[in-house]
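Quick notes on the structure that follows.
None of the values given here were measured: they were computed from a predicted structure.
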Amino acid sequence: MSGSLPFYQKHHRHYDRGYRSKETESKLSQYQSSSRYAAGSSTSRSRGLSVSSHSGLDENRLSPIPKRAKPTYLAVDRENQIIGYVVPIFRGSQEFATGLSGTQESRVRDTAAYMARRDMFTSGLEMERSEQISRKEVMRESAERISQNKREHFKRMNEDSLMHAPEFVIKPRSHTVWEKQCVRLHCTVSGWPDPRVVWYKNNVAVDPLANPGKYKVESRYNVHSLEINRCDFDDTAQYRVSAMNSKGELSAFASVVVKRFKGEVDEFLPAPRRKYADAEVEGAPGAPLDVRCLDANKDYIIVTWKQPAVDGGNSILGYFVDRCEIGTTHWIQCNDTPVKFARFPVTGLVEGRSYIFRVRAVNKSGMSHPSRVSEPVAAMDPADRARMRGTSAPWTGQIIVTEEEPAEGVVPGQPLELQVTEATKNYVVLSWKPPGEKGLEGVMYYVEKCVSGTDSWQRVNTEIPVKSPRFALFDLAEGKSYRFRVRCCNSAGVGEPSDPTEATTVGDKLDIPSAPGKVVPTRNTDTSVVVSWEASRDAKELIGYYIEGSIVGSQVWEPCNNKPVNATRFICHGLITGEKYVFRVRAVNAAGLSQFSQESEPVEVKAAIASPAPPYGITVLECVRDSMVLAWKQPTFIGGADITGYFVDYREIIDGVPGKWHEANIKAVSERAYRVSDLKENRKYQFQVRAANMAGVGIPSLPSDTFLCEEWTIAVPGPPHDLQIRDVRNDSLVLLWKPPVYQGRNPVNGYYVDIKEADAPEEAWRGVNNKATETTYIKIQNLKEGESYVFRVRAQNKAGVGKTSDVTEPVPALTKPGTKEIVVDVDDNGVISLNFECGDLIPDSKFVWSKNYEEITDPSRLTIETKGNKSKAVFNTPAEEDIGIYSCLVTHTDGASASYTLSEEELKRLLEISHDHKFPIIPLKSELAVELLEKGRVRFWLQAEKMSANGKVDYVFNDNVLSQGEKYKMNFDKNTGVIEMIMESLTPADEGTFTFQLQDGKATNQSSLVLIGEGTFIYISPHFIEYLSYEVTPECCVILKCKVGNMKKETSALWYKDGHQIKADEHLGFTEGITTKDSGVYEVVLKDDRGKDTSTLNLTNQSFKDLMNEVFSFIANSSTPLKITSTDEGIRLYTFVSYYNDLLQVTWHYKDSAIAFSDRIKSGVVGEQLWLQIKEPTEKDMGKYAIEFNDGKGGLRRSVELSGQAFDDAFAEFKRLNVLEIKNVFMVIIKVNYDVLSGRARVAGGLPDVVTIQEGKALNLTCNISGDPVPEVTWLKNDREITSDDHCILKFESGKFASFTITGVNTSDSGKYSILVKNKYGTESGDFTVSVFIPEDVGGNLKF
């Protein structure tokens, strides 16, 4: 052998056989030293057991006590009924202690071999005898204690206290959960003594302390649980719970699968197509599979596995087997050199201990990851394992003590039925049966071999005998023939050898299978292909096949299956739609992997085409004397290709007996409705329909119900048909249908749509539209997300409402992942287009555009452009005739569709954007202005918002382009956008129009300035840079503003309203709340000796409404969330606004319907608080409430849910306050006389209930006030406090008289007024209403 070592030996510490367990080394060294000592001894020495402290045996006795067979300890009566247990007691006897007679002992004593064997066997016997004596004493004490407390003991005994092995009353259940969720596995275990429960993940014990917060293990009252927090992909595993007590061990299994939400891909996860863990070294094979343990014995176990699907591109050199004792984490390699056979006998195990095993594969690139570990297996005699699984005898409560004599030692006989069970070039496995004559103690075995043709027998296990009737021989010369035999031995001696085996040649008897035959792939679905192949010929012990696939031209092969497939057909999933793949297959058995088969023909991944499923839901739409119109629903499966048509058959039913089927149409019909002619009146018929596609005609549908052919004469219409669902979203969908074939006596003039939840009873049907719709489509809104619905349609004419259509299939209100909406786009050229994108296309998918849900076939209005997964509908010449609902449906998808409504307002907006894109304008910060500089120079300038580096400016005077020169100096700062021209001097010739013309790409703009002269002087008048406009501040104040230029001290600015000048000290009232009296035409005039300029702002009619809507919008946005409070009268809902205007319109809603106010439900305003009062609330008042602010646009809503805990808390507070108010009222009644005497505030009178007054008149009201101390007086308008001003004068004189005066009333003064008086003894109010009318000759143009 050369000095170089293979890489798999260089890097392992166990190359010098140091991998043997410490127990084996200790046993071996002890045995060897004992043998050497015995061989070199010439004198007799004491070699017996030291047991005098227990039995009084003489230490000069050399022979060990033989191991006795285990007797039964059950005590039975005459009828063989178990009445208790028998505890044996042994008598100390020299004869039984030695197991040999004096003559025999003296003869055996002289042999060194005997002494060595005796030392080895007695060392084990000493421990066993000590345990027996200790057990005897303990059981005697237990018997005395039980006999003394026998009566109490029998009272306590019941079935549950019997000792028995663990048993799972409830086993753990498997779970599939989403990522980041928690999962809890639990089980219920019975057993006595109480079992010890341990949880394992993939056969590795779960340690909560090693992963704080991840695992939580609990055990309460025999219920055991394992909780896994925030699951991730690493938690996908098989979990095992093991229960163990002194009577045995039992396990139960459960799997946890952690799934991820679609579309959320972690960047740290492996690629989707990669199915196997990376090896430690690039090019190394994958991990072996399915490691199992077979033929377990006392010190011998056979480990088997399956070859991995991935060999790393190089052939596998072999495998290493590792073992680990249960309870430790130390792995020991079992073989020095890799074994190529997928089976290996592991020896040198310690009897009674449990082990797990794993396997690693190796090729020239390196070592694979270890496989998953095997199930735990104990190294013990199969008979002992069977006894442990059996049930123990029932406990009777009695212990009977007897005595038993041990038997003498017997030299064992020959082993039986020796045979070679397995032979490879690495090892040979022998098996046999124990001898018939072996005494009552256990036996061990020596294995011997000899080369065929010789009689030179050589003992193989010279170091230590084996305990199992199995043995694996290594280090045999490959190609040579051997014979084998076995001897038994025990403390009495070594028995005769067994009959030798037949000659066995060392070498692999199992050949690697041949390559599979022809591989044929066929299409299956959009992401899978069915691969079939011819089986390997003459394959022995075949495990299965591995399949690999590759995209054509990539030369990259990926495995399709992780475990071998036993059949010759396999479905390969996870393929890329539209790609072409080739496949190859190879076989595997225990000897290894075969060569690959030849590559298959390329196959494209797409859905296979098959004939469609049968239609269903056949109904009658119309019936006349000799014909019927039928309708049906499309098949649920169309076979992967478009349906090309339908075929209808019919048969006559006579006295309940069906006749023969007849074809109704020879040529396929494309619609799902057909008129069957040539029928006989008043005869009964059944129908069936078949669908056809390019693959053929499918099977017929089930026969329809029996229909009578008689003419319909009903006045109302027949049922609509062909109901379809489009644009399904979380809260809405679109329903389409076709008109009824039978119109009734009058034409159909509308449709009603009904809806109900899919699982609701028939009584739950309700209408979607209260008014009949004339269209054959409707958008149904306000659906509940996730709820499934069904729909039906009824048609009506003048005679009434007709039959209902067939009910649709249940449709869940859910927006499917990846759903797109139609997007409107206006490009740089001003072209308006509708765009739709779909990500779930297949090659046969098509985009179908419709207007008002009718397919667009005329290209004169729209041009359709489709590229890839995007489609565009371009408007050729947008106009009013293009107004409508546009929708796009993608065929061969799961209902991908969307709609877009092009209204008149939307069309106008798009046309404006289109115009701006076609003719873009460069925005200006300031228009062209002029200013005089020193030395008579004049500066013309303006500032643009933004211009690119390519922007340019033309300077024009009276249509002539100016250029840089002595008179004109031009400058353009592109960073600031300031454009200026300096004119050196101003002369009469310069009178005229100066223009700056700007251009930046397609965008243009210009600004002009006129210089007007008189005589020889040039005058530049003041002018407006920005004309008069208004602004609404967040405080709801209205500011009229303008920007002026070329002003000087002498320039005046005069303001006018409706032609009347507004003086500087005149109060407009805008900053304290705008009203209808502020409506009018406002004008600003700039004027000095150079000239004047005027700017006008019309705030009447619609302009004033727009202003008020903007104010209302600010008020609405300032409102606080709707809140709930309780009063002594009931429950109040309220919100605050930063400012309240009397013209603000609000609407209160209950369950999305406007509230009709009554004495029990009222609304009002106090200051900036808007409230809704519910008196004496009940459970019927529970629900959703909302307040809607009307701002002329979409409005704004604030809502609150008055239900559940919120309603309970508010109702309880109302009851509490109501009780307090009753008590207060009672106290007031008692103290009424005292209140009168003490001077409670009162309104004595003088106010009318209603005041009706003409606009422009003056109103004056006075009332008497009493109270001591003098009350505080507050005036309210519409429950909002008002203060005294020039228009409304409020006075309180002498503490007795309160007056209310309006100098000139107008319509805005109409409303409810109140006076509120208050002192420390109480509060009182007086109310009156003011109604202002306008004379008929004035007109109503100021009414808002």
Problem - Arg459 to Tyr446 six-membered ring, cation-pi geometry met (6.0 Å, 45°) - result: yes
Practice task
Look at atom NE2 of His175 and say whether more than 12 heavy atoms of other residues, nucleotides or ligands are closer to it than 6.0 Å.
Solution key: yes
Handout entry: Heavy-atom side-chain proximity of Phe484 to Val420 below 4.5 angstrom
Key = yes
Exercise for the section: Would you check if the distance from the ring center of Tyr239 to the ring center of Trp199 is below 6.0 Å? Expected result: no
Handout entry: Lys216 bridged to Glu218 by N-O distance under 4.0 Å
Key = yes
Exercise for the section: Using a 4.5 Å cut-off on heavy atoms from C-beta on, say whether the side chain of Ser242 contacts that of Glu249. Expected result: yes
Exercise for the section: Measure from the ring center of Trp432 to the ring center of Tyr445 and say whether it is less than 6.0 Å. Expected result: yes
Practice task
Check the surroundings of atom NZ in Lys449: do more than 12 heavy atoms from other residues, nucleotides or ligands lie under 6.0 Å from it?
Solution key: yes
Practice task
Could you check if a side-chain atom of Gln238 sits within less than 4.5 angstrom of a side-chain atom of Asn202, using non-hydrogen atoms only?
Solution key: yes
Handout entry: Check: Ser594 and Val588 side chains under 4.5 Å, non-hydrogen atoms
Key = no
Handout entry: Sidechain N-carboxylate O distance under 4.0 Å for Asp290, Lys563
Key = no
Practice task
For residues Val177 and Val258, determine if any side-chain heavy atom of one lies less than 4.5 Å from a side-chain heavy atom of the other.
Solution key: yes
Practice task
Is it possible for you to check whether Arg240 lies under 6.0 Å from the centre of the six-membered ring of Tyr200, through NZ or CZ, and within 45° of that ring's axis?
Solution key: yes
Practice task
Test Ser225 against Arg184 for side chain to side chain donor-acceptor pair (under 3.5 Å), laying out the working first.
Solution key: CA-CA 7 Å; Ser225 65; Arg184 185 183 180 92; 3.1 Å; yes
Practice task
Would you check if Asn222 and Val189 make a side-chain contact, meaning some heavy-atom pair closer than 4.5 Å?
Solution key: no
Problem - Validation row: Phe344, Trp305 side chains within 4.5 angstrom (heavy atoms) - result: yes
Handout entry: Test: Glu375 and Arg292 ion pair at under 4.0 Å
Key = no
Handout entry: 4.5 Å side-chain heavy-atom contact, Ile228 and Lys214
Key = yes
Problem - Lys180/Asp232 salt bridge by N-O under 4.0 Å criterion - result: no
